[in-house]
Novice: 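Please read through the structure below; I'll follow up with questions.
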Amino acid sequence: MPDTKIRVLVAKPGLDGHDRGAKVIARALRDAGFEVIYTGLRQTPEMIAEAALQEDVQIVGLSVLSGAHMTLVPRIMELLKKQGQESVKVMVGGIIPDVDRPKLVELGVAGIFGPGTSTTEVIGHFERAVTAAPAEG
Amino acid sequence: MKLAEQVRSGEILALSRLLTLIENDSPEGQEALAELHASTGRAHLVGVTGAPGTGKSVLVNRLTQHLRSLENPPRVAIVAVDPTSPFTGGAILGDRIRMRDLSGDPGIFIRSMANRGALGGLARTTSRMVDALDAAGYSIILIETVGTGQAEVDIARAAHTVLVLEAPGLGDAIQALKAGLLEIADILVVNKSDLPGAKRTARTLRAALKAGSSEADWNTPLVMTNALDGEGIPELAAAISEHQIHLRQTGGRGEKDRARVIGEMERLLLYRLTDRFKAAQIDGAYERAIERVVDRELSPLQAINELLKNSS
Ligand SMILES: Nc1nc2c(ncn2[C@@H]2O[C@H](COP(=O)(O)OP(=O)(O)O)[C@@H](O)[C@H]2O)c(=O)[nH]1
Ligand SMILES: [Mg+2]
């Protein structure tokens, strides 16, 4: 009997020192039935890509508060692609200025969530992102 | 190239995908694993069990670092099992937080998994995932159990060498005795040796060990470690290696592998027969039997006997 769960990596790249937002999302995802791999603070893009590869996640959720999203996110996307994981959906949460949003979308980011977004909204978006995609994880 | 071949040739993405297929019990995963079976049996499987907070993940981190610093370092895979929430079916798998020192080393592969409701410390598919890692060429595989503090007997079957962790200040030693954890220990680890009370914990456990050992010809050693700074880790690695040699010399390795095979085959047989039996029932007979048991008309045993009689 097949038993399938959506596996998500929740990571906190960059050097700023708190992961409250990431933890809130991780818990909300768990409560919605996701399996969440949580890697903690201060992850480099290389660490995030490596974890995504070994854990075979369908979604990578990034919590970025440091303002370094325009260097961190493209780098992570590039690494995912290089290791054959271009089908992984990358979601970004945090403080993203309006001018940067189109650039991230252009890069292929599947969702951007500002500080005011409700967890219900985030979860709905995560669910749609993987069910809309072809079955391959 | 086929999935099994990609895995054998060391492709990480293929391995990772295979692990997901196995975890989800998909036919494609079962097929690939069947093809890989001939390439399994080379890895040494080390179980790491003990109550939550005893330091299993931190210890796995340090131990792996140590193993990778050896001359001719073994390739190391880690499978860390965490509990699934019984209410939501979701899980937070957080063991990687403690293993960040291991990132960037291509000789290490870490996989987190949820137990998906299974009792006994492992998920139903953990052993099969371990087989895939074995076939992929990892020569040491560390399996971190959920750590309920209860007797997680599954690990005794799933691993060749079982480390049971204790730490001072967790109401520990007596608890471990009660839970029967000492009986499955091939190596007893008193972690957090830097904390007060560690020596006392070790003394209590040493006395208990004398009373009853797991195998007649193996004296379960007790190793004290500080998984934060690495003190005692080389001694622990040496004890694991000694146990590995001991198993090889006494034929214990073959016995353990056989027990593992028996366990896996019985489990598969159980699921297969159950599925086949249910499929062979005349429309709704099984469900009707369930209702009759719920209504106290029949006992479960009577219901099953009746179904068996009618379908033979
Ligand atoms: N003082 C001390 N703390 C430790 C040691 N090993 C682990 N810890 C701490 O114990 C806590 C639980 O560790 P963790 O590896 O997550 O435990 P697990 O639940 O058994 O996997 C963490 O806060 C660790 O930093 C040790 O040797 N000494
Ligand atoms: Mg742990």
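So that the names make sense, note that chain A is the first sequence line, chain B the second, and so on, each numbered from 1.
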Novice: Under 3.5 Å, is there a donor-acceptor pair between the side chain of A:Q54 and the main chain of B:I110?
Specialist: yes
Novice: Considering only heavy atoms and a distance below 4.5 Å, find which of A:R27, A:M47, A:R42, A:R30 pairs most often with chain B.
Specialist: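 Of the options given, most contacts go to A:R30.
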Novice: Answer yes or no: are there more than 12 heavy-atom neighbours, outside B:E287 itself, under 6.0 Å from its atom CD?
Specialist: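 Counting other residues, nucleotides and ligands, CD of B:E287 exceeds 12 neighbours.
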Novice: Name the region of B:I108, side chain, backbone, both or neither, that has any atom closer than 4.5 Å to a heavy atom of chain A.
Specialist: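 Backbone only.
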Novice: Is A:L41 in contact with chain B via its backbone, its side chain, both, or neither, using a 4.5 Å heavy-atom distance?
Specialist: backbone
Novice: More than 12 heavy atoms of other residues, nucleotides or ligands under 6.0 Å from CD of A:E106: is that the case?
Specialist: no
Novice: Give me the atom names and distance for the closest heavy-atom approach of B:L13 to A:L53.
Specialist: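 Where B:L13 meets A:L53 most closely, the heavy atoms are CD1-CD1, 3.7 Å.
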Novice: Against chain A, label B:R98 side chain, backbone, both or neither, depending on which of its atoms sit under 4.5 Å from a heavy atom there.
Specialist: neither
Novice: Looking only at atom types and distance, does a side-chain atom of A:T39 sit under 3.5 Å from a main-chain N or O of B:R96, one as donor and one as acceptor?
Specialist: no
Novice: What's the separation between atom CD in A:Q83 and atom OG in B:S16, rounded to the nearest 0.5 Å?
Specialist: 9.5 Å
Novice: Without hydrogens or angle criteria, can the side chains of A:D56 and B:T20 be said to hold a donor-acceptor pair below 3.5 Å?
Specialist: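 Judged by distance alone, the side chains do pair up.
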Novice: Within the supplied structure, the quantity of interest is the number of heavy atoms (other residues, nucleotides, ligands) at a distance under 6.0 Å from B:Q30 CD; does it exceed 12?
Specialist: yes
Novice: A quick test of your reading: do over 12 heavy atoms of other residues, nucleotides or ligands sit less than 6.0 Å from CG of B:L268?
Specialist: yes
Novice: Less than 4.5 Å to any heavy atom of chain B: does that hold for the side chain of A:R7, its backbone, both, or neither?
Specialist: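 Side chain only.
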Novice: Within a radius of less than 6.0 Å around NZ of A:K103, do more than 12 heavy atoms belonging to other residues, nucleotides or ligands occur?
Specialist: yes
Novice: Is it the case that atom CG in B:L269 sees more than 12 heavy atoms from other parts of the structure closer than 6.0 Å?
Specialist: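 Yes, the 6.0 Å shell around CG holds more than 12 heavy atoms from other groups.
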Novice: Quick one: which of A:E50, A:E46, A:Q43 gives a side chain to side chain contact (heavy atoms under 4.5 Å, CB included) with B:S103?
Specialist: A:E50
Novice: For the pair B:E23 and A:K5, find out whether any cationic side-chain nitrogen is under 4.0 Å from an anionic carboxylate oxygen.
Specialist: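 So B:E23 does not pair with A:K5 through a salt bridge.
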Novice: Could you tell me which of A:E55, A:Q85, A:E35 has the largest number of non-hydrogen atom pairs under 4.5 Å with chain B?
Specialist: A:E55
Novice: Please say which of B:D82, B:L93, B:I92 ends up in a side chain to side chain contact (heavy atoms under 4.5 Å, CB included) with A:Y38.
Specialist: B:I92
Novice: Taking every heavy-atom pair that is under 4.5 Å apart, which of B:S112, B:G89, B:G94 has the most such pairs with chain A?
Specialist: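 Of B:S112, B:G89, B:G94, B:S112 has the most heavy-atom pairs under 4.5 Å with chain A.
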